Amino acid sequence: MRSSSTDNEILQRKNWSVLVYMVGVVVLFGVLLIRLFVLQYVHYDENMRRSDNNRLRRVDLVADRGFIYDRNGEVLVRNRPSYQIALQAGSLPRSKSGKDSVFRNLLKIRNKSGERMFDSLAVDTAFQRSLWIKNRPIRFYEDASQEQVAVVEEHSSELPGVVTVIESRREYPYGTLASHVLGYTSEITEDQLKLPEYEGYTQGDRVGQKGLEQAYDKDFRGKDGVKLVEVNASGREVGLFQGVDGQDPVPGLSLVTTIDLKLQKAAEAAIPDSARGALVAIDPRNGEILAMVSSPRLDPNIFSLKRRERNKGWAQVALDSLRPLTNRAISGTYPPASVFKLVTAGAGLESGLLSENKYYPKPCSGGYQYGNRYQKCWGYHGNLNVVNALRLSCDVFFYQAGLDIDMERINEFGRRFGLGEELLGVDIPGERAGWLPDSVSFNKRNKRNGWQWARGLILNLSIGQGQIVTPLQQAVLVGALATNKGVYRPHFMKELRDAQGNVVRRYEPEIIRPGKMKAETHRVLMNAMDSVVNHPGGTGKRGALPGIKVGAKTGSGEWKRGEKTHAWYAAVAPLENPEIAVAVIMEAAGGGGSVSAPIAKKVLMAYFNLEDSH
């Protein structure tokens, strides 16, 4: 009986074990069935998408950047093909060990000289960026040669996720020509990405920096496209994915500028690159800028080179004490010097306090006594009227005229014709404003120095020593004085065209200042500008042209005791029907009539297709 009871207990335990095992099997299969159901039905779309992602790659297609042309259709900026070696994040191994293997294999590759081809820091940075940039290649080697590309392709089996792409890089065929106007492109910075104007841009995008490249960046960029490609297990492309249409990129718009290439070349040839100075040539009838030079110049092609060469070139430019990155034509600020005497004279004529036949009590004997101060003149000119005072640039005449007219009237006339604190609004970044001081602004500006406005300051201000102007303002001033039809906004854009050559947008000239005076005021000022160049003793006679009447004003701007003056020359031609206004400044170079007038003359000769007889 006892043996039978024991057998029953053993059988019961076996039955329970089998039952537990069977229940376990049923539960396990139940879990598997539920999981299979979830995968097959609940998450079907998601899993299909993941599956496609394993064999499909989305590739962003960067649109070609629009070209830049001169007014006659000559190419100033174009694109060139460039091989880039990059990481494609979606094709990299997912495991850390796999990525480390790719990293090590990249650093093993050597060039013909036996040197490491890739910089470890650049490669490491690219791997870090691959964590958040998924759909576009992450460059770590730029401007690779075909031989270097071939070396990478030979090691492709060891480098899953490493791709070679062809991109467009900016090319400036004339090197330094108009470099401050054109600007350059480079990879967008982290600081720029935070700005509202760069909304929609991503890290790795190349954007315009400085000049027209920056001002019209959104127009140049176009619209990027996309394609879906099939990839193999190593992440290599095997072809386009059939059945799904991609989107072709739309090239950016091209800019036809107001720049005249022939004139620009003449201007740059006239100013040595070792000198510091600027030139602006403008059509005063509509504000079109025909040429602009800032010296020293820089070659924007350095910003399209590979990283090491680019960094070396950038360091040389950034550390240069002559500041080649500064566009002196729009952001260089200088005293207007004797060019400003046109403003003083104009204000007096316009107000009736001065006339063509007025002579002041004190003739020029080399200086003028005002209180305890003795203000010198650069020469001995005797008794003069306003036309001859401008022709000879006599300071003594304008000391007396300034005191008589007063700064409020003088400044109003200057602002009417483009001077002052309000920007002209030229369509490239970096423009700086000028300054026409009066008692209020002078005291505010010099509060820290403890300087106070005094009436004696008018003596210096009446001859252009104390105000601030830019070369662009000087060109606009003399052009508007000569036309007497208003100040037009200076600009570089003529029109924007699409890839088929259709005009998308055209610039409409815009008057931004009144720029008008009485007919008698205009007549006297033009007579004076004529006499500066074309009459005996005129300070601007070295700017005269054969057969074309040029009107001008010279200036020598004092800026530092013991240093040579800044040399100013501002001219228009033909004087009777102005088509072009030119302003030239050469820093610390001497007299405007001797230094800057010959430079302007070369530009005017190129404009009128005249041959130099010398």
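The shown structure was predicted, so the numbers you read here are calculated from the model rather than taken from an experiment. Numbering starts at 1 and runs along the sequence shown.
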If you count heavy atoms of other groups shown closer than 6.0 angstrom to [atom1] of [X], is the number above 12?
X: Lys262; atom1: NZ; value: yes
X: Arg432; atom1: CZ; value: no
X: Arg506; atom1: CZ; value: no
X: Glu199; atom1: CD; value: no
X: Gln146; atom1: CD; value: no
X: Tyr174; atom1: OH; value: yes

Please check: side-chain N/O of [X] versus main-chain N/O of [Y], any donor-acceptor pairing under 3.5 Å?
X: Ser596; Y: Ala567; result: yes
X: Thr326; Y: Gly332; result: no
X: Asp143; Y: Ser82; result: no
X: Thr125; Y: Leu121; result: yes
X: Thr185; Y: Arg206; result: no
X: Asp70; Y: Leu261; result: yes
X: Ser254; Y: Phe67; result: yes
X: Asp224; Y: Ala63; result: yes
X: Lys210; Y: Ser179; result: no

Partner of Arg65 under side chain to side chain contact (heavy atoms under 4.5 Å, CB included), chosen from Leu253, Val77, Asp217: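 Single side chain to side chain contact (heavy atoms under 4.5 Å, CB included) partner of Arg65 among Leu253, Val77, Asp217: Asp217.
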
Partner of Ile289 by side chain to side chain contact (heavy atoms under 4.5 Å, CB included), out of Val426, Thr257, Val181: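 Going through Val426, Thr257, Val181 one by one, the side chain to side chain contact (heavy atoms under 4.5 Å, CB included) with Ile289 is satisfied by Val426 alone.
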
Parallel, tilted or perpendicular, as decided by the 30° and 60° cut-offs, for the rings of His566 and Trp559: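 Geometry flag for His566 against Trp559: parallel rings.
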
His491 and Tyr507 aromatic ring geometry - parallel, tilted or perpendicular at 30°/60° bounds: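 Parallel.
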
Within a strict 4.5 Å, meaning less than it, do heavy atoms of the [X] and [Y] side chains meet?
X: Asp219; Y: Arg505; answer: yes
X: Gln128; Y: Leu131; answer: yes
X: Glu74; Y: Gln264; answer: no
X: Gln474; Y: Pro336; answer: yes
X: Gln148; Y: Tyr141; answer: yes
X: Tyr69; Y: Lys494; answer: no
X: Lys223; Y: Pro249; answer: no
X: Tyr184; Y: Tyr172; answer: yes

Measuring from atom [atom1] of [X] to atom [atom2] of [Y], what distance do you get when rounded to the nearest 0.5 angstrom?
X: Arg297; Y: Ile271; atom1: CZ; atom2: CD1; value: 7.0 Å
X: Arg169; Y: Tyr83; atom1: CZ; atom2: OH; value: 14.5 Å
X: Lys99; Y: Arg104; atom1: NZ; atom2: CZ; value: 14.0 Å
X: Leu424; Y: Arg513; atom1: CG; atom2: CZ; value: 5.5 Å
X: Leu279; Y: Glu268; atom1: CG; atom2: CD; value: 9.5 Å
X: Ile68; Y: Leu76; atom1: CD1; atom2: CG; value: 7.0 Å

Stepwise side chain to side chain contact (heavy atoms under 4.5 Å, CB included) check, Arg71 with Leu290: CA-CA 9 Å; Arg71 65 189 301 110; Leu290 306 173; 3.5 Å; yes

Closest heavy-atom pair and its distance - [X], [Y]:
X: Ser130; Y: Ile138; result: CA-CD1, 3.3 Å
X: Ala475; Y: Ala581; result: O-CB, 3.6 Å
X: Ile428; Y: Gly211; result: CG2-C, 3.7 Å
X: Ala266; Y: Lys602; result: CB-O, 4.4 Å
X: Ile330; Y: Thr470; result: O-CG2, 3.7 Å
X: Pro81; Y: Ile166; result: CB-CG2, 4.1 Å

Verdict with supporting geometry, Leu477 and Val469, side chain to side chain contact (heavy atoms under 4.5 Å, CB included): CA-CA 10 Å; Leu477 168 70; Val469 298; over 6 Å; no

Worked check of side chain to side chain contact (heavy atoms under 4.5 Å, CB included) between Val152 and Phe118: CA-CA 11 Å; Val152 173; Phe118 304 118; 3.7 Å; yes

Which residues share a side-chain contact (heavy atoms from CB on, under 4.5 Å) with Glu154, sequence neighbours left out: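 Testing Glu154 for side-chain contact (heavy atoms from CB on, under 4.5 Å), a comparison that skips the adjacent residues, returns none.
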
side-chain contact (heavy atoms from CB on, under 4.5 Å) involving Glu190 - partner list, sequence neighbours excluded: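 Glu190 satisfies side-chain contact (heavy atoms from CB on, under 4.5 Å) with Gln203 only.
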
CA sep, side-chain torsions, deciding dist, call: Lys108, Glu158, salt bridge (Lys or Arg N to Asp or Glu O under 4.0 Å): CA-CA 11 Å; Lys108 289 177 184 177; Glu158 307 164 14; over 6 Å; no

Electrostatic pair Glu431-Arg489, nearest N-O below 4.0 angstrom: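 Result for this pair is no, no salt bridge flagged.
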
Ring-face cation contact, Phe220 with Arg170, 6.0 Å cut, 45° max: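 Positive - Arg170 is close enough to the ring of Phe220 and near enough to its axis.
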
Steps toward side chain to side chain contact (heavy atoms under 4.5 Å, CB included) verdict (Leu92, Phe127): CA-CA 10 Å; Leu92 284 170; Phe127 271 90; 4.1 Å; yes

Selection residues 189-215 - residue pairs positive for ring pair (Phe, Tyr, Trp, His ring centres under 6.0 Å), sequence neighbours left out: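 Residue pairs with at least one partner in residues 189-215: Tyr198-Tyr201.
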
